[in-house]
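Read the structure below first, then the notes.
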Number of protein chains: 2
Amino acid sequence: MNTLSSRPVIVAKPSSASHCIECDARHRSVCNAIGERDLERLAAVANPRKLERGQVFIEEGRPAIDFFNITSGTVKLYKMLPDGRQQITGFAGSGHFLGLAVSETYAFTAEAIEPIELCRFSRPKLRTLLDDFPALEKRLLETACNELVAAQEQMLLLGRKTARERVASFLATRHGESSACGKLSDRISLPMTRAEIADYLGLTIETVSRTLTRFKSEGKIALPSRDEVELLDPHWLLDVAAGQDSHTASFV
Amino acid sequence: MNTLSSRPVIVAKPSSASHCIECDARHRSVCNAIGERDLERLAAVANPRKLERGQVFIEEGRPAIDFFNITSGTVKLYKMLPDGRQQITGFAGSGHFLGLAVSETYAFTAEAIEPIELCRFSRPKLRTLLDDFPALEKRLLETACNELVAAQEQMLLLGRKTARERVASFLATRHGESSACGKLSDRISLPMTRAEIADYLGLTIETVSRTLTRFKSEGKIALPSRDEVELLDPHWLLDVAAGQDSHTASFV
DNA sequence: GGGTTTCCTTGATTCAAATCAAATTGTCGT
DNA sequence: ACGACAATTTGATTTGAATCAAGGAAACCC
């Protein structure tokens with residue numbers, strides 16, 4: 001739980017016009033609201049960095065002074081209760097924009113779950129950028145709406161789905177997202193640990209593990225390695241995720 | 001579960017410049033982004049209506065063609081699973097803006113839980129309005145961010161809090177919101193049924209009822225009527241809501 | 001104003017997932 | 001290749017909330 005201040009981060013190559021042009025994340029990020037001609041302006045205020053697993057760059061309750069755009073790797077966003085109970089509210093990958101807050105303080109903590117790269121924007125500089133590129137603000141509103149829809153879906157999961165349905169939903173969503181990003185494979189990667197999956201789904205490590213094992217023994221998935229899952233029956237998984245299981249273990 | 005089409009709604013007084021000026025909800029709604037001089041323009045595209053308890057005006061999965069602004073009363077927003085399990089993702093009161101969606105279809109259902117008044121905006125008309133009043137778009141982004149923060153808080157509740165903590169959080173939040181709206185009383189009103197509270201907190205009716213009874217027998221609240229709660233110890237309630245209960249029933 | 005319906009409360013019992021407790025596997029540094 | 005540690009799986013037991021099952025209290029409607 002080391003913050004930026006407690007451990008110096010490795011700063012990537014100094015700000016240059018090229019890093020925005022070459023940025024892997026640009027095509028799926030809000031940055032694509034800015035035309036190629038103006039990328040220099042974006043690059044001038046973007047502050048690229050690299051972080052390792054475990055590094056915290058947004059901390060719940062701290063003053064919200066910076067905004068971030070993940071350009072590679074995955075981070076987890078979470079909230080905690082004083083006794084240590086944790087709820088991961090989402091995972092954010094390449095292209096994701098973070099830190100948007102009306103309030104003066106961050107509402108959640110953000111931590112790298114694998115080595116990542118990100119761009120930092122200071123509040124006043126982003127403000128200027130938003131004023132100069134109204135399209136950027138529209139894109140931000142769009143992404144906020146999409147996140148709201150995802151949050152509602154997650155509330156349904158946390159409030160009303162069984163452990164089985166939660167794990168199926170998780171796999172199905174991961175599958176959907178990765179295939180939206182081009183990969184048409186039925187093999188999905190899980191950069192997060194079982195503990196992180198559990199904290200995301202409102203379950204315990206044991207329940208997540210048992211449920212995956214169960215899916216495997218039912219022949220619905222394969223677990224070739226710790227961080228990979230192969231979906232042997234994606235359609236069945238979608239049904240379970242939607243709460244339409246032909247009852248826990250059907251008698252076919 | 002009657003939709004707008006299935007039962008005709010009572011249309012309020014015809015669109016006139018005055019209804020926006022006199023609107024109770026204006027000071028807390030996104031509409032306050034529009035100056036008093038331009039209210040006529042707003043009134044021209046706003047379509048006021050009255051709805052009764054139980055009427056659905058946004059339905060999950062249906063084409064997202066309209067936007068709504070609640071001007072009086074309370075609505076519930078929910079998602080459902082095919083077998084009838086329901087998760088209420090939020091309650092929206094006067095001033096709340098609804099229906100914002102990037103997608104072509106609504107992601108949730110909205111239903112009046114008491115007689116309400118609202119303003120309807122068609123998608124193209126709202127688009128024009130947004131283009132003419134950039135401040136409106138900024139306000140929408142702000143409210144979306146606030147809702148995102150609330151959604152994350154609710155995920156923490158649904159994923160990690162006990163029944164006791166959930167009910168305490170619900171009462172504490174209601175109290176906080178009503179006092180933000182002026183009322184400094186420790187008496188809060190609950191326009192929703194126990195079933196709706198349960199569907200909001202991811203619990204059953206029985207658990208909500210038992211928990212409230214328990215708080216009452218512990219001397220922390222009073223239940224003067226079915227839809228009113230008096231907080232006798234607001235500070236204690238906040239502690240329980242935050243997960244810092246001095247253990248379920250302390251031995252004082 | 002009496003009967004019906006709906007909502008709420010209370011009690012007994014069950015159950016899904018949590019907790020407690022090892023055993024196993026995988027990873028990393030040396 | 002070898003320990004040491006961390007992550008995961010698996011098993012036994014407990015438990016908080018769900019479910020099942022009545023009662024009671026408002027609100028609603030002829």
Side-chain angles (χ1 to χ4, degrees), chain A residues 52-54 76 81 83-87 113-115 157-168 170 190-218 221-229 240 243 245 247-249, chain B residues 1 52-54 76 81 83-87 113-115 157-168 170 190-217 221-229 240 243 245 247-249:
Chain A
E52 295 156 34
R53 156 144 196 129
K76 62 176 172 184
L81 290 170
D83 63 2
R85 276 174 289 171
Q86 198 174 58
Q87 179 64 40
I113 64 167
E114 58 184 346
L157 180 149
L158 293 170
R160 290 296 180 221
K161 288 187 184 178
T162 65
R164 205 176 157 74
E165 290 161 352
R166 292 181 202 204
V167 175
F170 176 69
L190 302 178
M192 65 292 286
T193 66
R194 298 288 187 270
E196 285 160 343
I197 297 172
D199 281 341
Y200 180 56
L201 299 178
L203 300 170
T204 57
I205 300 175
E206 293 94 326
T207 301
V208 171
S209 178
R210 273 188 255 269
T211 307
L212 287 173
T213 305
R214 186 102 187 278
F215 286 171
K216 184 173 133 188
S217 73
E218 290 171 7
I221 63 169
L223 299 165
S225 81
R226 198 174 276 226
D227 56 2
E228 275 187 318
V229 180
V240 177
D245 199 347
H247 242 202
T248 292
Chain B
M1 233 162 266
E52 294 156 34
R53 155 144 197 129
K76 62 175 171 185
L81 290 171
D83 62 2
R85 278 174 288 171
Q86 196 173 58
Q87 179 64 40
I113 63 168
E114 58 184 344
L157 179 148
L158 293 170
R160 289 299 181 218
K161 289 187 184 178
T162 65
R164 205 175 156 74
E165 290 162 353
R166 292 182 200 204
V167 175
F170 176 69
L190 302 180
M192 65 291 286
T193 66
R194 297 288 186 269
E196 285 161 341
I197 297 172
D199 281 340
Y200 180 55
L201 299 178
L203 300 170
T204 57
I205 301 176
E206 293 94 325
T207 301
V208 170
S209 179
R210 273 188 254 270
T211 307
L212 286 172
T213 306
R214 186 101 187 277
F215 285 170
K216 183 172 136 189
S217 73
I221 64 168
L223 299 166
S225 82
R226 198 171 274 223
D227 57 2
E228 276 187 317
V229 181
V240 177
D245 200 347
H247 240 193
T248 290

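Quick note on labels: first sequence line is chain A, next is B, and so on, each numbered from 1. Predicted model only: the values in this text are computed from it and were never measured.
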Record whether the side chain of B:E196 comes under 3.5 Å of the base of C:dC7 through a donor-acceptor pair of N or O atoms.
-> no

Atom [atom1] of [X] and atom [atom2] of [N]: how far apart are they, to the nearest Å?
X: A:E52; N: C:dC28; atom1: CD; atom2: P; answer: 14 Å
X: A:I205; N: C:dC20; atom1: CD1; atom2: C1'; answer: 13 Å
X: B:R53; N: D:dC28; atom1: CZ; atom2: C1'; answer: 14 Å
X: B:K161; N: D:dA17; atom1: NZ; atom2: P; answer: 14 Å
X: A:R214; N: D:dT9; atom1: CZ; atom2: P; answer: 16 Å
X: B:L212; N: C:dC7; atom1: CG; atom2: P; answer: 17 Å
X: B:R160; N: C:dA18; atom1: CZ; atom2: C1'; answer: 10 Å
X: B:E165; N: D:dG16; atom1: CD; atom2: C1'; answer: 12 Å

Looking at [Y] and [X], is any side-chain nitrogen of the basic one under 4.0 Å from a carboxylate oxygen of the acidic one?
X: A:K76; Y: A:E114; answer: no
X: B:D199; Y: A:R160; answer: yes
X: A:E218; Y: A:R214; answer: yes

Minimum heavy-atom separation for B:L158 to B:Q87, with atom names?
-> CD1-NE2, 3.8 Å

Looking at CG of A:L201 and CG of A:L157, how far apart are the two atoms once the value is rounded to the nearest 0.5 Å?
-> 6.0 Å

DNA chain C: B:T207 or A:R210, which has the more 5' nearest nucleotide?
->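 Result of the comparison: B:T207.
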
Between A:R226 and A:L203, name the one whose nearest nucleotide on DNA chain C is closer to the 5' end.
->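 Final value for this comparison: A:L203.
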
Which one, D:dC20, C:dC8, C:dT9, comes nearest to the side chain of B:T193?
-> C:dC8

Which part of the nucleic acid does B:T213 contact within heavy-atom distance under 4.0 Å: base, sugar-phosphate only, or nothing?
->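 Contact class for B:T213: sugar-phosphate only.
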
For D:dT8, take OP1 and OP2 only and decide whether either is under 4.0 Å from a side-chain N or O of A:S209.
->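 Checking A:S209 against D:dT8: no side-chain N or O falls below 4.0 Å of OP1 or OP2.
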
